[in-house]
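A note on names: the letters A, B, ... follow the listed sequences, proteins ahead of strands, and every chain is numbered from 1. The structure presented is a predicted model; accordingly, all values stated were derived computationally and were not measured.
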Number of protein chains: 2
Amino acid sequence: MLSKKTKYGLKALTYLASQSKREPVQISQIARHENISQKFLETILLTLRKTGFLGSKKGKGGGYYLIKEPSEILMTTVIRVLEGPIAMVPCVSLNFYEKCDDCPDENKCAVHKLMLQVRDSVLEVYRNNTLADLISE
Amino acid sequence: MLSKKTKYGLKALTYLASQSKREPVQISQIARHENISQKFLETILLTLRKTGFLGSKKGKGGGYYLIKEPSEILMTTVIRVLEGPIAMVPCVSLNFYEKCDDCPDENKCAVHKLMLQVRDSVLEVYRNNTLADLISE
DNA sequence: TGAACACTCTATTAAATCGATAGGAATAAA
DNA sequence: TTTATTCCTATCGATTTAATAGAGTGTTCA
């Protein structure tokens, strides 16, 4: 199940991407438009800023804005930052690999075999989608 | 992240499928061989029996056994029983559909658009894998 | 200069979920 | 009748998640 954090984060990103100008948008405006708890959204936008997706400006006329072009923001990186590992099991994760302590041989493990395929197919979807691809015109 | 329930359930199924004979195998034996807590495995096997994957026999010489051929057990059905919805978001689920209360128009929602693709690609993997496919020979 | 504005940061809470366990009931075999 | 095994339900503790609280920091502008 996708976490609300990821869901809201993605919605906020697409909202910012759909703005005609790259000017600061206030948290309150994003929260209102996307039906998100403002306080919760605050923390999400904060991590998106710290991880290099957003810039921010304080004070009057402040807010958040995209730093890169939407077409340069890959879903693989967004998902990894908001949701964590893409793989459903650590033993098939590219960026967060961890050995199972119960499994003596990965190559003979059915779960491993299946989840490797799942990872690959999901990864392909995320690699083929940038933020720009998700904006409906 | 895949739940332990699903992971253990899958391992138990493959263990049963890899038996040369379709005779009852005791929970304790499966648990030992797959390094699973026996008590936890009990409840998992119980749901697998109630959902038509396994048969059981009580008393001495009892245990669990596969009811169908491994090649007839699709991963789509196994995953849905053990893990629940395959979709990462209810609004793109085939079997567990639910409208998002915050989202006014699914067709314009970026999350919807992305997760629809994820669902389709994952579904294809599960549809292409039966229990028989996961057994290493 | 100061007041309003809007992001920043950390801590906390409430609810839900997960993994595991407990302990007896039911049933079958020897 | 004893022993072996599954069946069933309840519960527990830990973790995670979603959300909230509230004081702090920097900006703008009159």
In whole angstroms, the gap separating P of D:dA18 from NZ of A:Lys5 amounts to 10 Å
Please state how far atom NZ in A:Lys57 lies from atom P in D:dC29, giving the value in whole angstrom units. 7 Å
Mind calculating the distance between CD (B:Glu42) and P (C:dG24) to the nearest angstrom? 15 Å
Between C:dT21 (C1') and B:Ile27 (CD1): distance, integer Å: 14 Å
Would you classify A:Leu45 as touching base, sugar-phosphate or nothing, given that sugar-phosphate means primed atoms plus P, OP1 and OP2, and contacts are heavy atoms under 4.0 Å? nothing
Between D:dA23 atom P and A:Lys39 atom NZ, what is the distance in whole Å? 11 Å
Exceeds 12 heavy-atom contacts within 6.0 angstrom, atom NZ of A:Lys21: no
Examine D:dC8: is either OP1 or OP2 under 4.0 Å from a nitrogen or oxygen in the side chain of B:Thr43? Give yes or no. no
So, does B:Lys99 use its side chain to make a donor-acceptor pair with the main chain of B:Cys103 at under 3.5 Å? yes
Name the closest nucleotide to the A:Gln26 side chain, picking from C:dC7, C:dA20, D:dT27. C:dC7
Are the side chain of B:Arg22 and the backbone N or O of B:Ala17 linked by a donor-acceptor pair below 3.5 Å? yes
If you assign each of A:Gly61 and B:Ser56 to its closest nucleotide in DNA chain D, which residue comes earlier from the 5' end? B:Ser56
Taking atom P of D:dT25 as reference, at what distance in whole Å does atom NZ of A:Lys58 sit? 9 Å
How long is the line joining CD of A:Gln38 and P of C:dC7, in whole Å? 7 Å
Spacing of OH belonging to B:Tyr126 relative to OG1 belonging to B:Thr77, to within rounding of 0.5 Å: 12.0 Å
For D:dT6, take OP1 and OP2 only and decide whether either is under 4.0 Å from a side-chain N or O of B:Lys60. no
For A:Lys50, report the nucleic acid contact type (base, sugar-phosphate, nothing); a contact means any heavy atom under 4.0 Å. sugar-phosphate
Using a cut-off of less than 4.0 Å, is there contact between a side-chain N or O of A:Ser28 and OP1 or OP2 of C:dA6? no
Over all strands shown, is A:Lys4 touching base, sugar-phosphate only, or nothing at heavy-atom distances under 4.0 angstrom? sugar-phosphate
Quick one: is B:Tyr8 getting a side-chain N or O under 4.0 Å of the C:dA20 phosphate, OP1 or OP2? yes
Atom CZ of A:Arg32 to atom P of C:dA6: distance rounded to whole Å? 10 Å
Is the distance from OP1 or OP2 of C:dC9 to the nearest side-chain N or O of A:Arg49 less than 4.0 Å? yes
Measure across B:Pro85 and B:Ser93 and return the closest heavy-atom pair with its distance rounded to 0.1 Å. CB-OG, 4.3 Å
